[in-house]
Structures are given as structure tokens and as C-alpha cells.
Amino acid sequence: MIKQNVGNKDLKLLQQSHAVIILASGLSQRLGQPKQLLKKQSRPLLEVMTNLALTINPSAILLVIASSQSETIQLSQTLAAQHDVVTPVINTQPEQGMAHSLSLAITQLNRKVANGLAIQRVIILGVDQVLLHINHLSNLLAGFNADKKTEQSGYAKASGCKKVIASSYSSSYKIFENELSHIERLITEASNTDISDNEKRIIGLPINIDYQLLTQWQPLLNGDKGLRHLIRGLSSKDLSVVDNIKLSLDIDTPEQLQYAIKKGWLDP
């Protein structure tokens, strides 16, 4: 496996030219409770992801929040009061899906750019990939690809500045009782960023995308799969991926939540 470390100098060069969008307006209907407020080390996931975004020194962080979730709105306002770069974006129609949420954030970011904010790249995150780490975001931001296998899968290794640098992970690691030992092995093995060739690959969040391309795509965003569909339409010269099997583990169901609690990734 080929890995490239991101130095402080690399991040400083980019720190004034990128923004972060955190998509946190999902209604968590299958889970039965707002995932944004699930706690990790005594902090709500929305705060955890915001703090993670702050570590890559963005010029702006946009938190997309559902208007129906008063506690989440209050938390987003608290985070905005604590950090000048944080701006809540209220979504009054979260049922329209992730693409609508992203479009709202793009509109808000466009306003900031019109007012003089210089943005070249945008990092887009969800709120429930509980094993997301700063190293992964740093690789996305710097344009490095952590896994040489992407060359074999038709996606170029990031050697320059691609239009999109996306995360890649397996779609098959869902939390069912008969798969727990397999998941635990993948998480604890030293090579846990690898995705085997026979696994169905998801190309998705988090991503690092060229700001101009994102604005061009805004009219095309629709439903929950609009962005992923657009990314998959890119050629290898415009797209690179960073493999990370840990990103397969998100929190959509009570079973997944209980497993994350059992492993200590979320608080009881």
C-alpha cells in the first residue's frame, strides 16, 4: 500500500482556499432519533464533525440543519457563536433529500464568495461516519490517494489536483449479527483501509470537489443520489479516490447504533 503523509505546510497552503459543508439535516427515520445528537466521547456528532472540520483550517463551515429539529438548530447556533467560520443553514424541506440540502449549502456558499470569500475547493461531509479521522480528510484535501488499488479499479491515483477526490468504501458491511466478527476484523487489521477487488465499491462522502464544478452541478442535484451519480460520470483524469473501509460504518438503523455503542465508538 502506498501512503503519503500530509505535512502542516501543505495544509497551511490550502487553509484559506477551501470550505466545508456538513450535511446534517437528515430526519433519521429508520434510526428513530436524530443521529446529529448521538454522542461520541460526551459530544453530539454534529459537534464532533464540526470540530473535525475545524482541524483542516477551512475558510467557512456550513452546517445544514433541518428546521424541525430545534435542539440541533440550537447546537448549530452555539457552534456558530464559538467559531466565526461556522454558519448554520436551515433546511425547511429535509424530506427532499441530500441533494436539496447540498443545494442550499451551495447557495449560501455562493453568497459568501460574492462577498469576497476566496474558495477553490469544498469538502463535503455527512454526520454519521463515526470512524472518520483527520488523516482521511487531510488526504482528501491534499489530493493524495492512500490506496494504489484505485489504479486497478479504473480511478486514477491522485498525483495532481483532480476536480473531485472522493472517498471509496464497501457497500456490503451492514450491521447484522452474522457479520459482526467480519467487521471487527476489518476495523482492527493494520490494512483496514483496503477494499478487496470483489467488494461492491461506493464512491461517495466525504469528498473534496472543485468549487466551480460544484456550482455547475447545482442545477443537476436531485434526491439522495444526485451527487454520487454525477461523481460516477467523471473520467479518471478528473476523479481520484481514497479507500477507507471504516467509512462503510454509518448509523442508519438501531442495530448499527447498538453495534457502535458496543464497540465504544458511540456513547450509550
Side-chain angles (χ1 to χ4, degrees), residues 6 10-26 46 49-65 76 79-80 83-91 97-127 129 132 134 136-145 158 160-168 203-222 224-234 238-242 244 247:
V6 180
D10 298 314
L11 290 181
K12 287 179 180 178
L13 289 173
L14 293 169
Q15 67 183 6
Q16 297 302 321
S17 63
H18 66 276
V20 175
I21 294 172
I22 300 180
L23 300 174
S25 64
L46 180 61
M49 292 302 173
T50 300
N51 288 338
L52 188 61
L54 286 165
T55 64
I56 58 172
N57 301 313
S59 297
I61 299 175
L62 305 181
L63 308 180
V64 187
I65 307 298
S76 71
L79 292 169
H83 308 285
D84 291 341
V85 296
V86 174
T87 301
V89 178
I90 306 303
N91 184 357
M98 184 183 297
H100 176 69
S101 298
L102 179 56
S103 182
L104 293 174
I106 296 169
T107 297
Q108 180 63 43
L109 186 57
N110 290 343
R111 294 192 188 107
K112 290 181 176 293
V113 171
N115 288 329
L117 188 68
I119 295 296
Q120 294 179 339
R121 310 290 299 189
V122 182
I123 309 294
I124 305 173
L125 312 177
V127 75
Q129 289 172 310
L132 179 63
I134 175 60
H136 187 79
L137 293 185
S138 296
N139 283 330
L140 290 176
L141 184 61
F144 294 139
N145 188 337
C161 194
K162 303 287 184 177
K163 288 185 178 180
V164 174
I165 304 161
S167 301
S168 174
I203 307 295
L205 301 182
I207 71 166
N208 170 1
I209 184 170
D210 176 79
Y211 169 64
Q212 294 299 328
L213 178 62
L214 185 61
T215 59
Q216 293 170 19
W217 278 357
Q218 185 179 13
L220 306 176
L221 295 173
N222 182 34
D224 277 326
K225 297 182 179 179
L227 182 62
R228 188 181 299 171
H229 174 75
L230 292 168
I231 291 172
R232 282 195 172 274
L234 292 172
D238 292 325
L239 172 65
S240 62
V241 297
V242 178
N244 190 344
L247 299 180

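As the structure is a prediction and not an experimental result, all values here were calculated from the model.
Proximity of His18 to Ile56: side-chain heavy atoms (C-beta onward) are separated by under 4.5 Å at one or more points. Between Gln129 and Ser167 there is no side-chain heavy-atom pair separated by less than 4.5 Å. Using a 4.5 Å cut-off on side-chain heavy atoms (C-beta onward), Leu52 and Met49 make contact. Between His83 and Ile61 there is no side-chain heavy-atom pair separated by less than 4.5 Å. For the pair Leu137/Val20, no side-chain contact is recorded, criterion being any heavy-atom separation below 4.5 Å from C-beta on. At least one side-chain heavy atom of Leu54 sits less than 4.5 Å from a side-chain heavy atom of Val85. Between Leu205 and Leu227 the shortest side-chain heavy-atom distance falls below 4.5 Å. You'll find the side chain of Val164 stays beyond 4.5 Å of the side chain of Ile203, heavy atoms only.
The minimum heavy-atom distance linking His136 with Leu132 is given by the pair CD2-CD1, 3.8 Å. Across all non-hydrogen atoms, the minimal contact from Ser76 to Val86 is O-CG1, 4.5 Å. For Met98 against Leu23, the heavy-atom pair with the smallest separation is CG-CD1, 3.5 Å. Of all heavy-atom pairs spanning Ile119 and Arg121, the tightest one is CG2-O, 3.5 Å.
Checked against side chain to side chain contact (heavy atoms under 4.5 Å, CB included), Leu220 has the following partners two or more places apart in sequence or in another chain: Trp217, Leu230. Here Asn51 pairs with nothing under the side chain to side chain donor-acceptor pair (under 3.5 Å) rule; sequence neighbours left out. For Gln218, the side chain to side chain donor-acceptor pair (under 3.5 Å) partners are Ser103, Thr107, not counting sequence neighbours. Qualifying side chain to side chain donor-acceptor pair (under 3.5 Å) partners for Ser101, counting only residues two or more places apart in sequence or in other chains: Ser25, Asn91.
Put simply, CG on Leu109 and CG on Leu117 are 7.0 Å apart, with the number rounded to the nearest 0.5 Å. A distance of 11.5 Å separates CD1 in Ile22 from CD1 in Ile123, rounded to the nearest 0.5 Å. For the atom pair Leu104 CG and Leu62 CG, the distance stands at 10.5 Å (nearest 0.5 Å). Atoms CD1 and CG, on Ile106 and Leu221 in that order, are 5.0 Å from each other to the nearest 0.5 Å. The OG1 atom of Thr215 sits 6.0 Å away from the CG atom of Asn110 when rounded to the nearest 0.5 Å.
Of the residues Ile231, Leu214, Leu140, Ile21, the one that meets the side chain to side chain contact (heavy atoms under 4.5 Å, CB included) test with Ile209 is Leu214. Applying the side chain to side chain contact (heavy atoms under 4.5 Å, CB included) test between Leu63 and each of Val127, Thr87, Val89, Leu79 identifies Leu79 as the sole match.
Using a 3.5 Å distance cut-off with no hydrogens or angles, the side chains of Ser59 and Lys112 do not pair a donor with an acceptor.
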Take Leu213 and Asp238 through the test side-chain contact (heavy atoms from CB on, under 4.5 Å) and record every step on the way to the result.
CA-CA 11 Å; Leu213 178 62; Asp238 292 325; over 6 Å; no
